[in-house]
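To start, the structure under review is shown below, and the notes come after it.
The chains referred to below are lettered A, B, ... by the order of the sequence lines, with proteins before strands, and numbering in each begins at 1.
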Protein chains: 2
Amino acid sequence: MNLKQLAHMLALSQTTVSRALNGYPEVNEETRRRVMDAAKRHGYRPNPSARRLATGKSGMIGYVLPTGAAVDIDPHFVEFLSGLGDYARSHELDLVLSPADADDQETTYRRIVANRQVDAVYISSPRPQDSRVALVSTLGIPFLVHGRSEGFDFDYPYLDIDNEGAFHEAARLLVQLGHRRLALINGDDRETFAIHRERGVRRALAASGLSLGERHVCSVVMTEENGYRATRRLLEEGDAPTAIACSSLIMALGVVRAVRDLGLTIPGDVSLIAHDDVFPWLKPENFSVPLSTTRSSIRLAGARVAERLAARISGLEEGARGEVWPVDLVVRGSVAGAPA
Amino acid sequence: MNLKQLAHMLALSQTTVSRALNGYPEVNEETRRRVMDAAKRHGYRPNPSARRLATGKSGMIGYVLPTGAAVDIDPHFVEFLSGLGDYARSHELDLVLSPADADDQETTYRRIVANRQVDAVYISSPRPQDSRVALVSTLGIPFLVHGRSEGFDFDYPYLDIDNEGAFHEAARLLVQLGHRRLALINGDDRETFAIHRERGVRRALAASGLSLGERHVCSVVMTEENGYRATRRLLEEGDAPTAIACSSLIMALGVVRAVRDLGLTIPGDVSLIAHDDVFPWLKPENFSVPLSTTRSSIRLAGARVAERLAARISGLEEGARGEVWPVDLVVRGSVAGAPA
DNA sequence: CAAAAAAGCCAAAGCGCTTTGGAAGACTCT
DNA sequence: AGAGTCTTCCAAAGCGCTTTGGCTTTTTTG
C-alpha cells in the first residue's frame with residue numbers, strides 16, 4: 001500500500017494525502033480525518049526510503065563506533081544504550097552504529113553526514129580538543145556530546161556529569177576522615193572525564209594543604225586487572241596511600257582483590273570510594289565490604305541524550321546548551337577514619 | 001557530485017556510468033576505466049538513499065533491541081558488538097539497532113522488513129520455539145540466529161557454541177574428581193543456551209549414575225547478586241553441593257563472595273567452573289583463586305555472525321546451515337578433588 | 001558478402017515520497 | 001456586484017539512483 005494507491009482509493013491527489021498525513025494546515029479537517037482514517041485502516045506506512053530521498057531526513061540517530069582488533073568497547077556502553085533505546089523506542093527513532101577504524105573516524109563521520117544517513121549523532125568519551133567535536137560541528141549536523149571536551153573557541157551542546165564535583169566531594173570526605181595520603185586510580189587520562197576527576201581530587205586536597213603524590217595517580221584502561229595492578233603498586237611502595245578513589249566499579253573489584261591479597265582490610269587499612277555508573281549486574285552495596293560510591297546513572301544519561309537529540313532534530317532545541325548533572329556521594333562501609 | 005553531473009562531464013549517459021560503476025558486463029573496459037577513474041578523482045559516492053529507493057538494498061544489518069525500564073541489555077552484548085563491528089567496518093556495513101518494546105518485538109520486525117530498512121537481521125538469546133525465528137523466517141529477510149532455537153518443523157541458519165558439550169565436559173571433570181553433589185547456577189532457563197547447559201550437566205552426571213538435585217539447579221538473571229544469593233542458598237541448606245558450575249563470570253563473582261562469606265574456600269570446600277565469554281575487563285585467571293572456565297569468545301562469534309550475514313546478503317550463503325563451535329575447557333585452580 | 005549475433009551505448013521509466021506553483025471555488029469586504 | 005482573500009485541492013517537478021527496452025555499430029558466421 002503506497003501513497004498513490006491510497007490517494008486513488010480516496011479519490012484525492014497524492015499531494016493532499018501527503019499533506020493531510022503530515023499535518024500541513026492547507027487541508028480540510030474533515031478531509032484530514034478521512035485520510036488519517038483510511039491510512040490507519042489500511043495500515044499505510046510511508047516508505048522511509050522514499051521519504052528520505054525526498055526530504056533528506058532518515059529518522060535515525062547515528063553513532064560512530066570505534067572498532068579494531070585491539071579496541072574494546074566500554075561495557076558502560078550497554079547501559080547507556082539501554083537508556084537511549086528506551087527513549088528512542090517511544091519516538092520510533094532507530095540508532096545506526098557505523099563501525100569505524102578507531103584511528104580514522106573522520107572518514108566515517110564525513111560519510112554519514114554527506115550521505116545524510118542519520119539526522120543527528122552523538123559523541124561519547126570525548127577528550128579535550130576532541131577532533132570529532134570540531135569536525136561534527138563544522139559538518140553542520142545536529143549533535144550532542146556525552147561528556148565534555150575542552151579548549152575550543154566555540155561552544156557546543158553536551159550532557160555531562162559533574163565529575164570534578166563528585167571526586168572533589170569524595171576526596172573531601174576522605175580528608176575529613178583524617179586521610180592524608182590519597183591515591184586516584186583513574187581511567188585514561190586523555191579523556192576529559194578522567195582529567196576532571198583528577199582535578200576534583202586535587203582541589204579537595206589543596207584545600208587542606210595536601211596534594212596528590214605523583215606516584216599516587218594512575219591512569220589506566222578500566223579493567224579489573226588494571227585496578228588490581230595499580231593497587232598492588234600503590235600499596236607495596238613506600239608512602240602507601242590510606243585511601244583510594246577509583247574511577248569504576250570494575251576496577252574496584254581489582255582494588256578489593258589486591259587489598260585482600262596483601263593481607264590488608266577495607267576500610268581498616270585502606271578506605272575506598274569508587275565511581276558507580278549503576279549497572280544492574282554489579283552493585284556496590286554487594287561488595288564484600290559495601291562500597292562507597294559517587295553515583296550517576298549512565299542509563300538515565302542515555303535516555304536524556306536521546307531526548308535532546310530528538311529535540312535538536314525537530315528544532316525544539318538549539319544552540320550550545322551544556323547540561324551538567326550533579327553526582328550523588330553514597331557513603332557505605334568502605335570508608336573509615338585513617339589508620340593511626 | 002551526483003550521477004548526472006558525473007555522466008555529463010564524461011559525456012556519457014547515466015545508464016552507462018551507473019553500469020560501469022556497478023560492474024555490469026555491457027560496458028567497454030576502456031570506458032569503464034575512464035568512469036572509475038573520474039569517479040575516484042571527483043570523490044563520487046552514490047547517494048545511498050537514492051540507491052536504496054531504486055534497489056531496495058540498504059547496506060545495513062539490523063538488530064531489534066528489546067528495551068523498557070525493566071529490561072537490561074546483557075553486558076555480553078558489547079563484546080559481541082566489538083566483533084560484529086570489526087567485521088562490518090571492513091565491509092562498509094552499518095548496524096541498525098531498532099529499539100522495541102520487549103513484549104512486542106514482532107511489530108518492529110515487521111516494520112523493518114516491510115520498510116526494507118535493513119538487508120538482514122540477526123537474532124540473539126533465542127528460546128525454544130522462539131517466535132522471532134518463526135516470524136523472521138516467514139518474513140523472508142536474510143537472517144541468522146546467534147544461539148539456537150528448538151522445536152520447529154523447519155531449519156534455519158544459526159551460529160551457536162556447544163553449550164551442552166561444554167557443560168558436559170565441565171561436569172564430567174568434576175565427577176572424575178570425586179564430586180557427587182554438583183550444582184548448576186544457570187541463566188534464564190527459558191533461553192536455549194541455559195537448557196543446553198543443564199542438559200550437558202545432567203548427561204555427565206547420569207553417566208556416573210548421579211543426578212542433579214532439584215534444588216541444585218538455579219535459573220536466574222546473570223548478575224553478581226544473583227550468583228551470591230544462589231550460592232548462599234545452595235551452601236546453607238543440607239545436602240550442599242561440593243562443586244558448582246556457573247553460567248557466567250559475573251555470577252561467579254557472587255559465587256566467590258558467598259563462599260568466602262560462609263567461611264569456606266575454593267577449591268577446598270567447593271570447586272567452581274564458570275563459563276567465560278572472554279571479556280577484556282574481567283578475566284578468570286585473575287580471580288582470587290584462578291577460575292576454571294569453559295571458554296568461548298563471544299567477540300569472535302560477533303565477527304562470524306557479521307561475516308555470514310554479509311554472505312547471505314550477497315547470496316554467497318544459502319539454506320539453513322547451522323554452525324556449532326566447540327568450547328574450550330580451561331582448568332585452573334578453582335577445581336580440586338571433592339572434600340572427604 | 002549478406003545475415004545474424006554481439007557489443008556498447010542511450011533515453012526514459014520507474015522507485016514512493018515531498019513540495020512548488022497554481023487553480024477553482026467559497027467567502028469577505030467595500 | 002466586483003475585487004480581493006482564504007480555503008482547499010491538484011498536476012507535476014523534483015530527490016538520485018537502477019533498470020528496461022531499443023538503437024547503433026561492430027564483429028562473427030555460413
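Between the side chains of R45(B) and N2(B), no donor N or O sits under 3.5 Å from an acceptor N or O. No side-chain donor-acceptor contact under 3.5 Å links S58(A) and R52(A).
The distance between atom CG of L21(B) and atom P of dC17(D), rounded to the nearest whole Å, is 10 Å.
Within the 4.0 angstrom heavy-atom criterion, only backbone atoms of the sugar-phosphate kind lie near A11(B); the bases stay farther away. Looking at heavy-atom distances under 4.0 Å, S49(B) makes no contact with the nucleic acid at all.
Residue order along DNA chain D, read from the 5' end via each residue's closest nucleotide, puts Y44(B) first among R19(B) and Y44(B). Projected onto DNA chain C by closest heavy-atom contact, R32(B) and A54(B) fall at different nucleotides, the more 5' of which corresponds to R32(B). Sequence order on DNA chain C of the closest nucleotides to L53(B) and V27(B) puts V27(B) first from the 5' end.
Y24(B) has a side-chain polar atom (N or O) that falls below the 4.0 Å cut-off from OP1 or OP2 of dT19(D). N22(A) has a side-chain polar atom (N or O) that falls below the 4.0 Å cut-off from OP1 or OP2 of dT18(C). N28(B) has no side-chain polar atom (N or O) that falls below the 4.0 Å cut-off from OP1 or OP2 of dA7(C). Look at T55(A) and you won't find any side-chain N or O under 4.0 angstrom from OP1 or OP2 of dT18(C).
Among dC10(D), dT18(C), dC17(D), the nucleotide with an atom closest to any side-chain atom of T16(A) is dC10(D). Distances from the side chain of R51(B) to the nucleotides dC9(C), dC17(D), dC17(C) place dC17(D) closest. Residue S13(A) places its side chain closer to dA11(D) than to any other of dA11(D), dT19(D), dC15(D).
The ring of Y122(A) has its center closer than 6.0 angstrom to the ring center of Y63(A).
Looking at S149(B), its side chain does come within 3.5 Å of a backbone N or O of R127(B) through a donor-acceptor pair.
Between the side chain of T15(B) and the base of dT18(D), no donor-acceptor pair of N or O atoms lies under 3.5 Å.
None of R33(A), K40(A), R41(A), R34(A) except one satisfies the salt bridge (Lys or Arg N to Asp or Glu O under 4.0 Å) rule with D37(A); the exception is R41(A).
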